[in-house]
Number of protein chains: 2
Amino acid sequence: MSDSIRIMLVDDHAIVREGYRALLQKQANFEVIAEACDGAEAYTLYKEHRPDVVVMDISLPGQSGLKAIERIRQFDNQAKVLVFSMHQNPSFALQATRAGALGYITKSSDPEVLIRAIVQISNNKHTLSADIAQALAMEKLGHDQSAIDELTVREFEILRLLLEAKSSQEIADLLNISPKTVANSHYIIKKKLGVNSDIELTRLAIKMNLVNLLELVDEAT
Amino acid sequence: MSDSIRIMLVDDHAIVREGYRALLQKQANFEVIAEACDGAEAYTLYKEHRPDVVVMDISLPGQSGLKAIERIRQFDNQAKVLVFSMHQNPSFALQATRAGALGYITKSSDPEVLIRAIVQISNNKHTLSADIAQALAMEKLGHDQSAIDELTVREFEILRLLLEAKSSQEIADLLNISPKTVANSHYIIKKKLGVNSDIELTRLAIKMNLVNLLELVDEAT
DNA sequence: ACTGGCATCGGGAAATTTGCCCGATGACAC
DNA sequence: GTGTCATCGGGCAAATTTCCCGATGCCAGT
C-alpha cells in the first residue's frame with residue numbers, strides 16, 4: 001500500500017470540510033481523497049474509494065451519521081471510522097462506537113489531537129479524546145445506561161430537547177414535526193426508560209450524564 | 001444571672017429529647033429546664049421559663065417549627081434559638097435564620113459540635129455547622145433564591161417530596177391530605193417559581209440546591 | 001371578642017396532556 | 001419482493017393541569 005493515509009471527510013457543512021481539508025493536507029502523509037455531505041453519500045463514496053480513514057461528523061441531516069457508520073462497517077468490517085463531533089456527551093461516543101466507529105473526538109479538541117487520532121485510527125487503534133474518555137470511564141464506574149440504548153437516535157434527540165425544558169410545540173417547530181409526534185415520543189421515551197414522570201426523567205437524565213450540570217448551574221435563569 | 005446555661009429542648013420525638021437531655025446534662029454548666037414536643041408548646045413554655053437557649057428541631061408535626069421561632073422572637077427579640085435539624089439542605093438554614101434562629105446545625109454533626117454551638121449561641125453568636133456554612137456560602141455566590149421565599153413552608157415541603165419523584169397519591173398519603181390538594185400545591189409552586197413544566201422545575205431545584213446532587217447521582221435506580 | 005390577613009385544604013370544570021392504540025411511509029437487509 | 005424497523009402522526013378515553021372558588025383555622029392587632 002501507499003505510505004500516505006487516504007482520508008474521506010463527511011460533514012454537512014462545506015465550509016467545515018474545507019477547513020479540515022486545509023488542515024489535514026498540511027500533513028505530508030495525509031491525502032483527502034473524498035468528501036461527503038450526508039450519510040448516503042458517505043456510504044456510496046466509501047464503496048467507491050475505499051479510504052483508509054473516514055472522518056465523520058454524526059450530526060448530519062436526517063440523522064443518518066450513525067446509520068452510515070453501520071452500513072459502511074457492514075460493507076467493510078475493517079472500515080476505520082473516526083467520529084469528529086461537536087457533542088461532548090459520552091453517550092454519543094457510546095452510540096458511535098457501538099455503531100462501529102473506532103474513535104470519537106470532540107471538535108473542541110486541538111487540531112493536533114485530530115491529526116494524531118487519524119494516525120492512530122489508521123493503525124487500527126481505538127481513540128477517544130481525553131474529555132470523552134474520562135466521561136466514559138466515569139460512566140463505566142457508575143451507572144448502567146443500557147436503558148438509554150433502547151432509544152432510537154431520533155428519540156434521543158427529542159429527549160435532549162425535552163431536557164432543555166422546551167415545550168412540545170417548540171420541539172415540533174425545531175424538528176419540523178407535529179407536536180403530537182413529540183408527545184408520542186415523549187411518552188415512548190418515558191416507557192423505555194421506565195419512569196413515570198418528568199421529574200423522574202430529569203433525575204435519571206442527570207444520573208446518566210445527559211445533562212451538563214455545570215452548564216445547568218451556571219446558566220441564567 | 002446564674003453561670004449555667006438554661007436550655008429548652010423542642011423535638012417531637014420523646015426518645016430523641018431523652019437522648020439529647022442525657023448528653024447535655026453531662027455538661028456541668030448546662031441545665032435542661034423544659035421540653036416541648038411541638039411549636040405551640042414551645043411558645044408557651046418559652047414564655048413561662050425564658051430559657052437562655054432553645055434547641056429546636058424544625059420538622060415538627062404541623063410544620064410549626066419555623067412559625068414557632070417567629071412567634072418566640074416576636075415575644076422576645078433576644079430569644080436565642082439553635083435549630084438542630086436532620087436536613088443538610090442550606091435552604092432550611094436560610095428559612096430558619098430568616099425566621100430568627102441564631103444558629104443551625106445538622107443532626108449529623110458531632111455531639112461536641114452541638115455543645116459548642118449551644119455555648120456560642122448563649123453568647124449571642126451566630127453558629128452554623130460546617131457543612132451548612134459551606135453550602136450557604138456557595139449559594140451566596142451563586143443564585144438568587146428569592147423565588148423560593150415565596151413558597152410557604154407547606155409548599156416547600158410538598159416541593160421536596162415532588163422532587164423525590166413521588167406521585168401525588170404518595171405525597172397525599174404521607175401528609176394525610178387529598179391528592180387534589182397536592183395537585184393544587186404543585187400548580188401553585190410552579191406558578192410561584194415561574195416555571196411551566198416539571199422538567200424546568202427540576203432544573204431550577206437543582207440550581208437552587210434543593211436537590212442533593214451527590215445523593216441523586218449515587219442512589220440506586 | 002371581633003376582624004382582617006394568611007396558610008391550608010379541597011371541590012368544580014374547562015383545557016390540556018397522557019397513555020396506548022392504530023396505520024402510513026420510507027430506508028434498508030436478505 | 002418481503003420483512004423489519006424508525007419515523008411520523010391521527011384518534012380517543014382517562015388522567016392531569018390549570019384556575020377558579022369557598023371553608024376552616026391560626027394568629028395579630030384593636
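Chain letters run A, B, ... following the sequence lines, proteins first, then strands; residues in each count from 1. Both backbone and side-chain heavy atoms feed into the values below; hydrogens, waters and symmetry mates do not.
- Minimum atom distance to the side chain of A:Arg154 is reached by D:dT7, of the listed D:dT7, C:dC21, D:dC19.
- Look at CD on B:Glu157: it is 13 Å from C1' on C:dA7, rounded to the nearest Å.
- Between B:Glu157 and B:Arg154 there is a salt bridge, since at least one side-chain N of the basic residue sits less than 4.0 Å from a carboxylate O of the acidic one.
- Across C:dC21, C:dG10, C:dC9, the shortest atom-to-atom separation from the side chain of B:Ser178 is found for C:dG10.
- A straight line from CD1 of A:Ile199 to C1' of C:dT17 spans 16 Å, rounded to a whole angstrom.
- Atoms CG (A:Asn196) and P (D:dA15) sit 14 Å apart, rounded to a whole Å.
- One interatomic measurement links the two molecules: CG of B:Leu201 to P of D:dT18, which rounds to 11 Å at whole-angstrom precision.
- A residue-by-residue look at B:Tyr43 and B:Ala183 shows that B:Ala183 has its nearest nucleotide of DNA chain D further toward the 5' end.
- Atom CD of B:Glu155 is separated from atom P of C:dT8 by 6 Å (rounded to the nearest Å).
- Nucleotide D:dG22 holds its P atom 15 Å from the CG atom of B:Asn184, rounded to whole Å.
- As a whole-Å value, the separation of B:Leu175 CG from C:dT8 P is 11 Å.
- A distance of 7.5 Å separates OG1 of A:Thr181 from CD1 of A:Ile158, quoted to the nearest 0.5 Å.
- Each of B:Ile177 and A:Tyr187 has a nearest nucleotide on DNA chain C; the 5'-most of these lies closest to B:Ile177.
- One can place NE2 of A:His186 at 18 Å from P of D:dG9, the figure rounded to the nearest angstrom.
- Between A:Thr181 and D:dG9 there is a side-chain polar atom (N or O) within less than 4.0 angstrom of OP1 or OP2.
- Here the shortest heavy-atom pairing between B:Pro179 and B:Ala172 reads N-CB, 3.5 Å.
- By the 4.5 Å heavy-atom criterion applied to side chains, B:Val53 and B:Ile5 are counted as neighbours.
- Between C:dA29 and A:Arg71, a contact under 4.0 Å exists linking OP1 or OP2 to a side-chain N or O.
- Looking at A:Arg50 and A:Asp76, a side-chain N of the basic residue comes within less than 4.0 Å of a carboxylate O on the acidic one, giving a salt bridge.
- Considering only the side chain of A:Lys190, C:dG19 comes nearest among C:dG19, C:dG11, C:dC20.
- Distances shown here put every side-chain N or O of B:Lys180 at or beyond 4.0 Å from the OP1 or OP2 atom of C:dG12.
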